Every structure is written in structure tokens, then in C-alpha cells.
S.K.: 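Dumping the structure here so I can ask a few things about it.
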There are 2 protein chains.
Amino acid sequence: MAGRPRKFNLEAAYNAATDLFWVQGYETTSLDQLLLMMQLSKSSFYQTFSSKKNLFEQCLSRYDEQSVVDMKKALAGAPSAIDFIRTTFSQLSAEAQRPSGRRGCLIMNTVVEFAQRDIKVARIFKRNIKSTKKIFTEAVTSAQTSGEISETLDPAIVADFLVTTIIGLKSQARAGSSSKKIADIADLVVASIINTTES
Amino acid sequence: MAGRPRKFNLEAAYNAATDLFWVQGYETTSLDQLLLMMQLSKSSFYQTFSSKKNLFEQCLSRYDEQSVVDMKKALAGAPSAIDFIRTTFSQLSAEAQRPSGRRGCLIMNTVVEFAQRDIKVARIFKRNIKSTKKIFTEAVTSAQTSGEISETLDPAIVADFLVTTIIGLKSQARAGSSSKKIADIADLVVASIINTTES
DNA sequence: TGCTTTAAGGACTAATCAGTTCTATATTCA
DNA sequence: TGAATATAGAACTGATTAGTCCTTAAAGCA
């Protein structure tokens with residue numbers, strides 16, 4: 001057993017592919033572009049990833065997992081729950097200053113591109129939304145306990161509201177809205193959940 | 001001069017094309033699908049619309065103009081500015097019950113698909129955002145005068161905030177979120193701008 | 001040395017794509 | 001009637017697509 005070991009960096013190849021899909025979408029990204037960016041021959045590509053579609057699904061899953069890990073880490077490391085929320089939103093405007101922050105959300109981009117017609121994509125989207133919502137629900141509940149968010153609000157709905165605004169803000173970033181504009185909106189979002197009572 | 005008059009309905013053809021692009025996006029929609037839905041021969045298609053890209057740009061422009069006309073009409077016909085805002089958001093959840101309400105926003109879908117790489121698309125997007133924002137700014141200012149929204153808030157930022165949440169909610173609708181969920185979030189959005197003070 | 005696997009590259013397939021060209025027919029007005 | 005335009009349909013082009021196949025070389029381990 002045991003043959004020649006893989007020469008290229010699998011992680012780097014996935015990242016290169018993800019970056020391309022993230023900027024261009026699935027359909028618009030050609031195999032040639034992938035091979036170029038991933039620095040792979042066609043042979044190595046198909047031996048490792050089977051197909052363009054399969055690679056894409058793996059990139060999506062990895063993106064999902066990574067983003068959830070990042071958020072959990074951010075919540076766990078934050079001084080308070082409301083601080084986590086505040087930081088999450090202010091990061092959106094900071095990131096919008098770099099091209100990499102103007103790619104939107106890979107999963108939302110994909111949902112827009114594929115809409116209803118791909119079950120695997122829909123599954124990954126639902127999993128990601130569920131995980132994200134859970135983290136924000138925890139944060140909101142915690143902020144309610146410490147009195148920063150009104151207890152009259154349903155934490156699940158506030159979480160959905162926050163996720164919705166993040167989707168909107170990331171879309172705006174992809175569309176080219178200024179970092180300043182995104183910062184202003186983000187501030188209003190955070191202020192609104194702090195001051196709002198009764199659902 | 002004067003030859004045989006056009007037999008097919010131009011308006012209906014545009015609408016059929018727009019519906020297809022709206023659901024599927026530009027790249028994924030093939031010429032064959034367009035000819036089928038528009039009920040046109042290839043000859044008539046190219047004679048009338050020149051190219052797939054040109055038709056798409058016209059569909060986008062028409063969508064932009066129509067949506068702005070609709071919003072202006074809604075604002076003008078509403079009992080009050082805050083009522084216009086409330087109705088706009090409750091319509092989002094009502095529409096999400098029908099498949100036609102789960103297509104998202106054609107312009108935002110297009111921006112996600114094309115991102116930075118198409119100037120004409122970017123222009124239409126900016127025009128639409130500007131018009132939409134202007135209408136909401138008017139509504140917010142009016143609601144501030146009548147005391148329903150705090151005068152400490154910047155109407156331009158509140159307008160941007162509302163546009164952002166609409167984008168987020170329409171994306172969620174396209175992604176398949178339930179009408180109930182959208183209604184809950186929409187209610188929170190409206191409540192948040194009514195109760196929030198200081199920007 | 002053999003077995004196994006990776007890698008690189010070139011040739012190729014089969015499908016699909018938007019768009020063009022051509023012929024024949026239909027319908028309007030002057 | 002005749003000029004002008006619309007319609008229909010078929011044939012075709014040229015480019016691009018993802019994916020397969022095959023050959024040759026390299027690199028690991030037993």
C-alpha cells in the first residue's frame with residue numbers, strides 16, 4: 001500500500017476555490033479558472049474532487065462550519081453578550097473597507113443563485129441559518145438577563161431580526177455600499193434592539 | 001413605408017422574460033427557455049430585442065421603474081407615513097405566501113449574480129437604491145413631523161436601515177423562510193424605529 | 001525490485017450556448 | 001401592385017463547457 005503522497009496543499013486548494021466561488025458564484029466560475037487559481041492539473045483535480053459540483057458543495061460546507069466556529073469563538077471571548085453583538089456589527093463595516101469584505105455571504109449568494117432548485121444547497125443554508133440563529137438567541141437571552149435588552153422581547157425573533165439585518169448589510173457591501181453607510185445602519189440596528197420594548 | 005405590424009404583445013413578452021430572469025437569474029436562463037416562455041421565434045426575438053443581454057437590461061430597467069412607481073403610489077395613497085411603512089413590511093410577509101413573493105428582489109438578485117463586473121447593472125442598482133431611499137426618507141421625515149418616529153434619528157439613516165431590512169427579508173423569502181417568521185421580523189423592524197431614540 | 005498512488009499534459013467527447021443566415025410566407029400601407 | 005416589415009423554421013457557426021481517457025514520469029513503502 002501507500003503511494004506517492006499528495007504534493008499540493010489541500011487546504012490552500014479549497015481556500016482558492018472558495019474565494020473564486022465567493023466572488024463569482026458557481027455557474028460563472030469555469031473549470032479553467034479553478035485549475036488556475038488552485039494550481040492543479042485537470043488530472044489531480046478530478047482525482048481529488050470528483051467534480052466541480054462536488055467541490056463546490058464541500059467549499060460551502062467548510063464555509064458553513066468555519067463561520068459557525070468563528071462566531072462561537074467570538075461570543076465565548078466577548079466581555080458581554082451585547083458586546084459580542086456590537087462587535088459583530090461593527091466588523092461588518094470594517095470588513096467592507098477591504099475587497100474581501102465586499103463579497104457578501106457565500107451561503108446567501110449561493111441561495112440567491114440556486115434558489116429552490118438544489119436540495120443540498122438548501123440543506124446547507126438551513127443548517128447555517130439554524131446555527132447562526134442559535135448563537136444569537138443565546139447572546140440575546142444573556143443580554144436580557146444582564147438587563148441590556150428588554151425582557152419583553154422574544155429572543156428568537158430578535159435573533160432572526162439580527163440575522164436578517166446581517167444578510168441585508170452583507171448584500172449592501174457586495175453591492176458596493178460605503179463602509180460609512182454600513183456603519184451607520186449597523187449602529188442603528190444595535191441601538192434599536194437595546195431601546196425597543198414590547199414585541 | 002409601414003410593414004406588417006407586430007403580432008405578439010410586447011408587454012407580455014417582457015413580463016414573461018422578467019419572470020424567468022427573476023426566478024433563475026441571467027446566466028442560468030437559456031435562450032431556448034426565453035423563446036418558450038415568451039412564445040417567440042428566434043427570428044422575432046433577435047429582431048426585437050437584439051440580444052439576451054440587451055433584453056435583460058431592459059427587463060431590469062422596467063422592473064426598477066415599476067417598483068418605484070408602485071412605492072410612490074403606495075406612499076401617496078397611505079393614510080399616514082407610518083402606515084405606509086407598516087403596510088410595506090406587512091406586504092412582504094403576505095407575498096411570501098405565494099411563490100411569486102419568494103423570488104426575492106430582481107435587482108438585488110442581479111447584483112449578487114454580477115457583483116462588480118457589470119457597469120450597467122451597477123448603474124441600475126444605484127438608481128433603484130437612490131429612488132427607494134428617497135421615498136423612505138420622505139416617509140420617515142413625515143412620520144417624525146407627526147411624532148411617530150423620534151426626531152433625534154437621522155431620517156436618511158433610518159431610510160437606509162429600512163431598505164437594508166427589506167433586502168434581508170426578501171432574501172429570506174427567496175431562501176424559503178416561512179411567512180410567519182418574516183411577519184415577526186417585519187413587526188420588530190417597524191416597532192424598533194418607532195420606539196428608538198437618539199442615533 | 002515491485003506495488004501503489006500522485007502528477008502533468010495532451011487529445012478528445014458530447015453537450016450546450018448565444019447568435020447568424022436564409023428561405024418562405026404573411027400582413028400592413030401607399 | 002409593390003415596398004416594408006413581421007413571422008416561422010431550419011441549418012449552421014464558433015466558442016465554451018464539464019468531464020474522460022491515456023500515456024509518461026515521479027515518489028512513497030514493503
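Here the structure is a predicted model, which is why all the values come from computation and not from measurement. In what follows, every chain begins at residue 1, and chains take the letters A, B, ... in the order their sequences are listed.
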S.K.: For A:K42, which contact category applies under a 4.0 Å heavy-atom criterion: base, sugar-phosphate, or nothing?
M.R.: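 It contacts base atoms.
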S.K.: With side chains defined as the heavy atoms from C-beta onward, is the minimum distance between B:Y26 and B:K52 less than 4.5 Å?
M.R.: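 Of all side-chain heavy-atom pairs linking B:K52 with B:Y26, at least one is under 4.5 Å.
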S.K.: Please classify the nucleic acid contact of A:S51 as base, sugar-phosphate, or nothing, using heavy-atom distances under 4.0 Å.
M.R.: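 Sugar-phosphate contact only - A:S51 comes under 4.0 Å of backbone atoms but never of a base.
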S.K.: May I have the distance from A:R6 (atom CZ) to D:dA26 (atom P), rounded to whole angstrom?
M.R.: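 So the two atoms are 21 Å apart, to the nearest Å.
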S.K.: Mind calculating the distance between CZ (B:R4) and C1' (C:dT27) to the nearest angstrom?
M.R.: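 So the CZ-C1' distance, B:R4 to C:dT27, works out to 5 Å.
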S.K.: Between the base of D:dG9 and the side chain of B:S43, is there any donor-acceptor pair under 3.5 Å?
M.R.: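 Result: at least one qualifying N/O pair found.
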S.K.: Please tell me which of A:K7 and B:L31 maps to the more 5' nucleotide of DNA chain C, matching each residue to the nucleotide holding its nearest heavy atom.
M.R.: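 Its nucleotide being nearer the 5' end, the pick is A:K7.
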S.K.: Does any donor atom in the side chain of B:Q66 or B:D70 lie under 3.5 Å from an acceptor atom in the other side chain?
M.R.: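 Short answer, yes.
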S.K.: Within this structure, what is the OH-to-C1' distance between A:Y46 and C:dT13, rounded to whole angstrom?
M.R.: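 From A:Y46 OH to C:dT13 C1': 13 Å.
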S.K.: Take the protein atom CD of A:E27 and the nucleotide atom P of D:dA18, then report the distance between them rounded to whole Å.
M.R.: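 About 9 Å, once rounded to whole Å.
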S.K.: Starting at CG of B:L40 and ending at P of C:dA18, how long is that distance when rounded to a whole Å?
M.R.: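 Spelled out: CG on B:L40 to P on C:dA18 is 15 Å.
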S.K.: Find the distance B:D32:CG to D:dA8:P and express it as a whole number of Å.
M.R.: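 Interatomic distance, CG of B:D32 to P of D:dA8: 16 Å.
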S.K.: Flag this pair as yes if the NZ/CZ of A:R123 is under 6.0 angstrom from the six-membered ring centre of A:F125 and inside a 45 degree cone about the axis; otherwise no.
M.R.: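 No, A:R123 does not lie over the aromatic ring of A:F125.
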S.K.: In whole Å, what is the span from the CD atom of A:Q33 to the C1' atom of D:dT17?
M.R.: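 It works out to 12 Å between those atoms.
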S.K.: May I ask you to decide whether A:R103 forms a salt bridge with A:D19, counting only side-chain N to carboxylate O separations under 4.0 Å?
M.R.: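 Answer for the salt bridge query: yes.
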S.K.: Could you check how far CZ of A:F45 sits from P of D:dT20, rounded to whole Å?
M.R.: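 Checked: the CZ to P distance equals 11 Å.
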S.K.: Does a side-chain N or O from B:S44 land closer than 4.0 Å to OP1 or OP2 of D:dT7, or not?
M.R.: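 Result: yes.
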S.K.: Under 4.0 Å between any heavy atoms, over every strand shown, what does A:T29 touch: base, sugar-phosphate, or nothing? Just pick one.
M.R.: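 A:T29: backbone/sugar contact only, no base atoms under 4.0 Å.
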S.K.: What's B:S30 touching, base or sugar-phosphate or nothing? Going by heavy atoms closer than 4.0 Å.
M.R.: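 Counting heavy atoms under 4.0 Å across all strands, the contact made by B:S30 is with sugar-phosphate only.
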S.K.: Does the side chain of A:I185 reach to within under 4.5 Å of the side chain of A:F89, using non-hydrogen atoms?
M.R.: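 A side-chain contact is absent here, since even the closest heavy-atom pair is not under 4.5 Å.
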